[in-house]
Every structure is written in structure tokens, then in C-alpha cells.
Amino acid sequence: MCLMYIFGALVIAATAFSQDMTTLTTKNNSVQDLFVAVGSFVQIPCIDGEQKGVEWKFNNSMLFSSPVLSLKNISLQDQGIYTCHRPNGDPIQRVFLHLGYSPPSPDVHCWSPSYPKRAVCSWTLNPNPTLPTHYIATYRSHSDPLSSAHQCQRWGQEERQCVLQELKIFESEPTLFNITAVNALGSATRIWPFIFEDIVKPDPPVNVTVMVMPGKKLSVQWGPPPSWPDPVNFPLKYTVKFHWGKPDTARTLGPYESNNMVLRGLVAGRTYHIQISAKDFLDNGQGSDWSSPIGATIPSN
Ligand SMILES: *[C@@H]1O[C@H](CO)[C@@H](O)[C@H](O)[C@H]1NC(C)=O
Ligand SMILES: *[C@@H]1O[C@H](CO)[C@@H](O)[C@H](O)[C@H]1NC(C)=O
Ligand SMILES: *[C@@H]1O[C@H](CO)[C@@H](O)[C@H](O)[C@H]1NC(C)=O
Ligand SMILES: *[C@@H]1O[C@H](CO)[C@@H](O)[C@H](O)[C@H]1NC(C)=O
């Protein structure tokens with residue numbers, strides 16, 4: 001538990017107003033933001049010289065008849081606006097108390113759906129610090145310690161995701177991803193070392209189509225994941241999974257180097273569900289997630 005005693009620090013910079021104009025005008029309209037760790041002991045003195053009859057209110061309801069606001073073992077429920085008032089009710093000071101935690105070390109996950117062009121890292125914070133938090137994400141090659149760190153640029157809509165570009169392939173030393181979370185109460189860093197080839201994971205194949213063919217056969221076709229930049233020089237191979245009835249009876253076939261195959265020896269009247277997964281041809285990293293199942297029924301006649 002930490003003791004936080006705030007002295008004159010809370011005086012609002014009322015620069016635009018002269019001294020003889022009552023400072024109330026400014027303080028009425030401005031709220032001082034204060035960031036405090038859950039569990040702290042907080043004391044905030046009301047900044048008025050007058051000590052008698054000063055009151056503190058929390059979210060507009062009466063809290064203390066004292067010039068010093070004193071809160072022990074502060075919790076998330078104590079977040080809100082604290083105001084101190086003169087005996088006649090005039091507000092003197094407003095403080096918005098923001099409660100939360102210093103960031104924990106981020107949990108990181110990096111993968112490459114676009115080998116060898118780029119990789120993506122995403123991260124989460126557990127527990128959630130509940131305060132506005134920003135991130136500094138960089139990476140550098142371990143085998144080249146003199147090289148400066150690269151900024152990891154934000155990727156897509158996600159705030160906690162960024163893209164690593166121009167990574168070298170077949171490096172013997174890992175690349176170091178450095179993610180630092182920063183908020184008003186502190187900061188925390190995680191260094192995540194990885195070998196580019198180990199984190200390859202394509203996106204699932206697209207445009208899966210299944211056509212019924214004479215002789216109780218199904219012709220299955222698909223396209224490579226569009227995020228995979230160069231299927232010619234960095235080919236993919238594919239596994240086909242199909243089931244009827246219960247999904248846990250699924251069988252897998254492959255790998256296939258082409259973008260189509262024929263399922264044979266099927267049974268009339270059954271509906272088959274087909275999914276495809278892509279993997280780097282040289283077996284780097286992991287296979288993709290399965291594409292969504294496509295169903296097709298073998299005619300009974
Ligand atoms: C502080 O509050 C928390 C949650 O309300 C409680 O679990 C904890 O025991 C308290 N600690 C002290 C020292 O009072
Ligand atoms: C106090 O006000 C803040 C900000 O409007 C709000 O988030 C909080 O839930 C309120 N707390 C209580 C106990 O009314
Ligand atoms: C990680 O990044 C932070 C923030 O930029 C920096 O202060 C720290 O020195 C870096 N750590 C390493 C090991 O590169
Ligand atoms: C998938 O289908 C869309 C729309 O028909 C087409 O534009 C796209 O080129 C196809 N992608 C692949 C990889 O076959």
C-alpha cells in the first residue's frame with residue numbers, strides 16, 4: 001500500500017485569469033485528473049485557505065466534513081469526481097480520481113501469415129490496468145545488436161497489434177520483439193524472441209467449392225490465402241478434412257500441392273462437410289486454421 005499525499009500539486013493552473021478574478025470561475029469549469037493505484041491511501045487537501053466548514057462530495061453526494069479528503073485502501077468503486085465546497089455550497093475544487101493499476105508485463109503472440117514478407121505481433125494485458133495505456137513496440141535482429149530498433153507499425157483496427165517488416169529469413173539468432181506498456185502509474189516491458197520460420201502460420205485457404213460428380217465423387221477446389229504473398233516461390237501444401245455425421249469422425253487426406261482434389265468412394269444419401277488447411281511447403285511453423293466447412297450431399301439415386 002502506498003501513501004499518496006498531494007499538496008499544492010492540485011492547484012489548477014489558472015493562467016488565463018488574473019488573481020483578483022475569483023479563481024472559482026476557473027475551478028468551476030476545470031477538473032483536475034488524478035491517477036491512483038487501487039489499494040492506495042489517498043489524501044487530498046482542499047486548496048482553499050479557509051478550513052472551516054469545508055466539505056467534500058463524491059459524485060455530488062456528501063462524503064466528508066473535512067478540508068482533507070482521506071481515502072484508505074482505495075478501490076475501483078471509488079473512481080469518480082470529488083469536489084470540495086465552501087459552507088455556502090460554492091465549489092472550490094474538483095478532482096477526477098481515476099483508479100487502476102500499473103501495467104503488467106504484456107502477454108505476446110507473434111505469427112506470420114505472410115511469410116517471408118511480414119509478421120504480426122499482438123498482445124494482451126492481464127489484469128487489465130483500467131487506465132488509458134499506450135504502447136511502444138519495437139524489434140531488432142539479435143545477430144545485429146548494433147542495428148537500431150525498428151518501430152513496429154500498428155496493424156489494422158486493433159490497438160494491440162503491429163506489423164514487423166523486412167525480417168531476415170533463416171537467421172540463426174532470434175529477432176527480439178520489445179513491447180512496453182505505459183500508463184500514468186508505470187510501465188512494463190516484455191521481450192519476445194522468435195525465429196521467423198518458427199512462427200509461420202498461413203491464413204486458411206479461401207473460395208472452397210465442392211461439386212458433386214457422377215460416381216459418388218466430390219470435386220474439391222480452393223484458393224491460396226490472399227495474405228500469403230508469393231505462392232510460387234514459397235509454395236503451400238494443403239490438407240483436406242471431411243466428415244459426415246459427428247465431426248469427431250473426421251478423416252484427413254493429403255498433403256496436396258495442387259489447389260484441387262477428388263473425394264472418392266462416398267456413400268449415396270450422405271452429406272459430407274469439407275474443410276481445408278494450408279501449411280508452408282517446407283513445414284515451417286504451423287498449419288493454418290481450418291476453412292469453414294462446406295457441405296455437399298451425394299444423390300441417393
Ligand atoms: C483492501 O480492499 C480489498 C478489497 O476491498 C480487500 O480485499 C483487502 O483486504 C483490503 N486491504 C486492507 C489492508 O485493508
Ligand atoms: C461516479 O462518477 C463516475 C464518473 O461519472 C462514474 O464512472 C462512477 O460509476 C460513479 N460512481 C458512483 C458510485 O456513483
Ligand atoms: C524495450 O523498449 C523500451 C521502450 O522503448 C526501452 O526503454 C527498453 O530499453 C527496451 N529494452 C530492450 C531490451 O531493448
Ligand atoms: C476468390 O473469389 C473471389 C471472388 O470470386 C476472387 O475475386 C478471388 O480472386 C478468389 N481468390 C482466389 C485466391 O482464388
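It should be emphasised that the depicted structure is a prediction, and the values quoted were computed from it without experimental measurement.
Thr130 approaches Leu99 most closely through the heavy-atom pair OG1-O, 3.0 Å.
For the residue pair His85/Thr83, the side-chain donor-acceptor check at 3.5 Å is satisfied. When only modelled atom types and interatomic distance are considered, His134 and Asn183 share no side-chain donor-acceptor pair under 3.5 Å. Between the side chains of Thr180 and Asn178, at least one donor-acceptor pair of N or O atoms lies under 3.5 Å.
With rounding to the nearest 0.5 Å, the separation of OG in Ser114 from CZ in Phe234 is 12.5 Å. One finds the CG atom of Asp107 at 11.5 Å from the CD1 atom of Ile179 (value rounded to the nearest 0.5 Å). From Gln151, atom CD reaches atom CG of Leu164 across 11.0 Å, with rounding to the nearest 0.5 Å.
Note: Tyr115 and Phe196 meet the aromatic proximity criterion, with ring centroids under 6.0 Å apart.
Both cation-pi conditions hold for Arg270 and Trp244: the charged atom is under 6.0 angstrom from the six-membered ring centre and inside a 45 degree cone around its axis.
Taken together, the cysteine pair Cys162 and Cys152 places its SG atoms within less than 2.5 Å of each other. Distance check for Cys84 and Cys46: the SG atoms are under the 2.5 Å cut-off.
Two residues are said to be in side-chain contact when any heavy atoms from C-beta on lie closer than 4.5 Å; Phe177 and Thr175 fail this criterion.
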